[in-house]
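First the structure, in the form of structure tokens, and then the observations on it.
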Amino acid sequence: MAQKTESKTENAPTPELTFTPAELEQYYREMVFIRHFEEKCNFAYRQGKIGGYMHTYIGMEALAIGFLHSIRNPKYPESIPDGKSFDYVITAYRDHAHAILMGTDPVAIMAELMGRKTGTAGGKGGSMHIFDPDNGFFGGWGIVGGHIPLGAGLAFASKYRGEDRITLNFMGDGAANQGVVFETLNMSGLWDLPCIFIVENNEFAMGTRLEYHAADPELWKRGIPFDIKSERIDGMDALQMRKDAARIIDWVRENQKPYWVEVMTYRYSGHGAADNDRQLYRTKEEEAKAWERDPIGRLKNYLVSNGIRTEEVLEAIDSEENERVEAIYAEADAAPHPDPDEVYDNIYTDMSVERGH
Ligand SMILES: Cc1ncc(C[n+]2csc(CCOP(=O)(O)OP(=O)(O)O)c2C)c(N)n1
Ligand SMILES: [Mg+2]
């Protein structure tokens with residue numbers, strides 16, 4: 001799939017975002033952490049420690065880093081000028097990385113995957129339903145495209161209440177075909193909702209290639225009929241991703257209008273943990289080619305070739321993050337399962353205004 005950036009409307013100029021060595025190291029560290037976390041999840045699934053459905057973000061890390069470092073994010077309190085008006089995030093079932101980067105405790109995420117009492121939903125939701133509204137993260141949804149109107153609803157609510165927040169509404173390339181997405185775009189365009197629709201185009205919807213499921217695989221165009229600014233960006237280059245995300249987010253915050261963005265990425269793992277036979281829908285050669293674009297390898301090369309960090313330092317970071325994931329796994333695994341009499345707890349949550357959302 002050709003990588004290109006196009007737009008119907010003229011885009012705001014890219015701000016000259018520069019990064020300190022400490023920031024660059026942080027992006028690297030967080031991407032490596034997510035990768036190890038996801039690999040551990042795959043391991044735990046195969047050990048029978050995790051049940052149900054589970055989908056990892058391996059290969060897509062730069063995308064979440066770019067967007068979630070560019071919003072007002074509770075994980076990074078200095079990003080929230082008034083100390084309370086953080087932005088909102090909602091996504092589908094491939095949700096571990098988004099929660100991690102919004103500040104949800106990774107032990108609670110791992111425990112949720114393992115069905116434990118200390119999980120984000122008391123072990124009742126599992127991998128697809130990580131939920132942490134106190135950190136601005138509204139899930140974790142299993143019905144393809146089903147959460148898109150909910151994300152627009154979040155943006156509507158903050159606009160209606162006069163709060164200074166924007167909403168990031170993530171979806172897959174397959175989800176972009178759902179009818180409700182088009183209805184939501186119409187309303188968002190009509191009502192000028194401060195909502196960014198982000199298509200994580202990883203080239204597949206389960207075992208179906210983009211070209212087989214989309215009448216026009218140029219998904220970036222889909223905001224245009226609704227008079228929504230629309231473009232395509234590269235999701236495999238963490239730094240470009242961060243710059244583009246910051247530019248788009250600034251535009252939406254300033255103009256209080258929606259935005260549609262297709263982000264080109266790749267899913268290195270199978271669709272979900274139960275999908276082992278990837279060769280049915282893609283070749284080993286294709287996978288090998290895609291690994292040349294690995295966002296972590298790319299950032300590592302950048303850091304080393306520009307003399308920002310040595311290979312040894314980056315490898316030490318890799319080991320530290322791996323050990324951190326091991327400790328998280330051990331802590332989650334030590335937690336008890338829910339009691340049978342809690343079976344109806346954590347199914348619904350109070351989302352009233354009194355709670356502040
Ligand atoms: C309404 C609905 N139809 C079908 C499914 C089964 N299903 C689960 S994931 C998926 C593919 C979605 O692909 P995409 O939106 O590209 O997301 P990705 O898994 O690539 O992140 C399908 C068809 C579902 N969960 N919900
Ligand atoms: Mg997809």
Side-chain angles (χ1 to χ4, degrees), residues 1 3 34-35 37-38 41-42 45 51-68 89-101 113 125-130 137 139-151 168-185 196-223 232-236 241 260-278 280-282 286-287 290 293 295:
M1 185 87 234
Q3 298 283 310
I34 292 167
R35 177 112 4 137
F37 187 93
E38 296 293 56
C41 291
N42 274 332
Y45 195 90
Y53 290 102
M54 190 190 78
H55 314 80
T56 64
Y57 209 65
I58 296 171
M60 301 166 66
E61 298 90 347
L63 200 166
I65 288 281
F67 272 106
L68 300 183
V89 171
I90 190 165
T91 189
Y93 44 81
R94 203 177 290 287
D95 60 348
H96 310 166
H98 305 79
I100 289 169
L101 292 174
L113 269 52
S127 165
M128 302 202 293
H129 304 112
I130 308 298
F137 185 61
W141 297 85
I143 303 301
V144 170
H147 67 281
I148 301 302
L150 304 184
L168 301 186
N169 205 340
F170 291 89
M171 76 190 89
D173 47 286
N177 295 326
Q178 288 290 63
V180 74
V181 173
F182 299 93
E183 293 180 47
T184 305
L185 287 179
I196 306 179
F197 298 88
I198 301 159
V199 181
E200 299 179 326
N201 182 356
N202 58 16
E203 301 190 22
F204 299 97
M206 295 185 86
T208 308
R209 269 184 189 285
L210 177 69
E211 292 79 1
Y212 291 110
H213 73 63
D216 181 354
E218 304 259 319
L219 298 180
W220 70 270
K221 294 176 184 166
R222 293 197 177 174
R232 170 183 279 181
I233 62 177
D234 178 6
M236 300 302 262
M241 187 59 241
W260 172 267
V261 53
E262 178 191 19
V263 190
M264 305 307 283
T265 184
Y266 197 79
R267 191 196 76 206
Y268 291 133
S269 45
H271 166 70
D275 169 17
N276 285 319
D277 198 1
R278 286 131 56 186
L280 283 174
Y281 55 86
R282 65 185 180 195
E286 178 188 329
E287 280 184 43
R293 297 196 284 141

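Note that the numbering runs from 1 along the sequence shown for the chain. Ligands are counted one by one from 1 in listed order, and the atoms in each one are counted from 1 as well.
- For the Mg ion (ligand 2), the tally of protein N/O/S atoms lying closer than 2.8 Å stands at 3.
- Minimum heavy-atom separation, E38 to I58: CB-CG1, 3.6 Å.
- Under the 4.5 Å side-chain criterion, counting only non-hydrogen atoms from C-beta, I233 is in contact with M241.
- For F67 and H98, the gap between ring centers reaches or exceeds 6.0 Å.
- For the side chain to side chain donor-acceptor pair (under 3.5 Å) test, residues two or more places apart in sequence or in another chain that qualify with Y266 are R282, E286.
- If you check the side chains of H96 and S127, you find a donor sitting under 3.5 Å from an acceptor.
- Ligand 1 is surrounded by Y93, R94, G142, I143, V144, G172, D173, G174, A175, Q178, N202, F204, A205, M206, H271, each with at least one heavy atom closer than 4.0 Å.
- For T91, there are no side chain to side chain donor-acceptor pair (under 3.5 Å) partners at least two apart in sequence or on another chain.
- Formation of a donor-acceptor pair under 3.5 Å by the E61 side chain with backbone atoms of G59 is found in this model.
- A donor-acceptor pair is defined here as one N or O able to donate and one able to accept, closer than 3.5 Å; no such pair exists between the side chain of N201 and the backbone of E262.
- In summary, the aromatic rings of F204 and Y281 are positioned with their centroids under 6.0 Å apart.
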